[in-house]
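Take this structure, written in structure tokens, and hold onto it; I'll ask about it next.
Below, each value reflects all heavy atoms present in this structure, side chains not excepted, and no hydrogens, waters or symmetry copies. Lettering of chains follows the sequences in order, A, B, ..., and the numbering in each one begins at 1.
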Amino acid sequence: MSRVSLPSLRTLAVATVIALVAAFALVFFYAPLDADQGFIQKIFYLHVPLATCALLGFLVAAVYAIRHLRSGDPEHDARSYVAIHLSIIFGVAVLVTGSIWARAAWGKWWVWDEPTLVSFLIVFLLYCTYYPLRFAIEDRERQARYASVFAITAGAFVPLNFMAVRLAESLVHPRTFATAEGGMPGEMWLTFGVSLAGMGLLWVTLVRFELVAKRSRARISRLRRALDAGAGSGRASRIAPSVPSRAGVS
Amino acid sequence: MNAFRVILAKDLRVELRTLQSVPAMALFAMTTFVLFRFALDREQLQGSLAAGVILATVLFAAILAINRLFVAEREEGGFDAIRLAPIDSSALFAAKAVALVVYLVALEAIALPALGFLFLETWSGLVPLAGVLLLADVGLAAVGVLVSAIGVNSRARELIVPLLLLPLAVPVMIAAAGAAEPLLAAGGPDYDGVGKWIAMLALYDAVFVAIGYAVYDFLLED
């Protein structure tokens, strides 16, 4: 790894807290109330950044999968795995907040002719199969390789799927960024930008955190195995990719 | 190219002699039609319902073939033989994909007339529909080969294949259903708006053929 100066986990965590606090302060005290939807529209600042981060996370996972297949470095597989893992968790939050928003705005928990919501559900369902896929392959190295093939295929699937679903719907619902005529006012854009930055930082922090945790766990089990050699107490997760431990845990 | 022809000919000959995929798919399709007749409680179908019945049937029948696509290779050591042979492994994947397309076309050659016979008032939409299905078959085959190769090396093949395939096939179903609906309209085929769906299918085919070509190597090595 030739990364020179990645911010430390602590810096990232502090930046995330600041950005998210600022975002929520802006959401509640600065952003104007939406003309037609009123207060409930503020869920937009949570829902859309979450969705954006989850989808970008899936694409990031595909990029790491490509790097894993090219280099054979299990570290990239671990990154791809963690990226998908966190994007799925974000995805649950997206579906829940989207549902709440749909209920408040359109009176129904689920709206089939809202293409973004439906596309997201399909993508989410596809990525959920990542776990059974890893679980079904015993050999670690092959598991990592197949998981990367899946991550690449699914990464290409994301934009295609959004296109297909968008084509299938009559465009009766307003797109997110054109809620009122002529798009959002500047205050909303600013608030949205800060929320998006905060959510992005949260995603990155959590990914880094999980990678560090995995690496430490791998080191501990390796040390324990070295201590009581043969006792076989290093119990690693069966589907999580093994991470090579490095001297400096970032 | 030669290796591709040999493997494809081998697969088709095996299918002709053992008859293990296509007849099962055809039987499955007929049974599904009967199920749909009662599940939907209709004696005549047109438009979106007819499109849904034929596409769901083809997709689920495709799962049968995709499940079995690499089984012989695994059980009889075909994978090792391919790896030992001085040929590019792309030949194996291309041959399997084409074989899958052939199976699906054979299935549709039975299922489409059956659909017309059992449910449709007018058969005139079936010929353009066959073209749409051919495009859908290419996409299904491209994705199916990948999924099949992943599934055959996993512990739970019958579980993994449909689990991975169904979400990946959603865009194919959306586009093919969009194209098939006006073609199966009650008053005969209507070609309005079919173009964009054909384009979507072609794009899907191109993307997943390219993806398959890029990653197949990693499914074979060890």
* **By salt bridge (charged side-chain N to carboxylate O under 4.0 Å, His left out) - contacts of B:Lys10 (at least two apart)** =>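 Salt bridge (charged side-chain N to carboxylate O under 4.0 Å, His left out) list for B:Lys10, sorted by chain: B:Glu73.
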
* Asked: Do A:Arg134 and A:Asp77 sit within salt-bridge range, that is, some charged N less than 4.0 Å from a carboxylate O?
  -> yes

* Asked: Side chain, backbone, both or neither: which part of B:Ile174 has a non-hydrogen atom closer than 4.5 Å to chain A?
  -> side chain

* Side chain, backbone, both or neither of B:Ala149 within contact of chain A (heavy atoms, under 4.5 Å) -> backbone

* Given the options B:Leu168, B:Leu159, B:Leu163, which has more heavy-atom pairs under 4.5 Å with chain A than any of the others? ->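 Ranked by heavy-atom pairs under 4.5 Å with chain A, first place is B:Leu168.
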
* Classify the ring geometry between B:Tyr213 and B:Tyr216 as parallel (under 30°), tilted (30 to 60°) or perpendicular (over 60°). =>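 It falls in the tilted class, 30° to 60°.
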
* To do: Counting only heavy atoms closer than 4.5 Å, note whether B:Ile160 contacts chain A via side chain, backbone, both or neither.
  =>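 Only the side chain of B:Ile160 comes within 4.5 Å of chain A.
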
* Between A:Leu133, A:Leu125, A:Thr153, A:Asn161, the one whose heavy-atom pairs under 4.5 Å with chain B are most numerous -> A:Thr153

* To do: May I ask you to check whether B:Phe208 and B:Tyr204 place their ring centres under 6.0 Å from each other?
  => yes

* Asked: Rounded to the nearest 0.5 Å, how far apart are CD of A:Glu75 and CZ of A:Arg67?
  -> 10.0 Å

* Asked: Relative to each other, are the rings of B:Phe93 and B:Phe70 parallel, tilted or perpendicular (30° and 60° limits)?
  -> tilted

* Structure fact -> Applying a strict 4.5 Å limit to non-hydrogen atoms, the region of B:Leu146 in contact with chain A is side chain

* Who wins among B:Asn153, B:Ile211, B:Val147 for the most heavy-atom pairs under 4.5 Å with chain A? -> B:Asn153

* Who wins among A:Leu69, A:Ile152, A:Ile66 for the most heavy-atom pairs under 4.5 Å with chain B? -> A:Leu69

* **B:Val215 versus chain A, the contacting section by heavy-atom distance below 4.5 Å** =>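 Backbone plus side chain of B:Val215, per the 4.5 Å heavy-atom cut-off to chain A.
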
* Asked: Can the ring centres of B:Phe60 and B:Phe28 be said to be less than 6.0 Å apart?
  ->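 No.
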
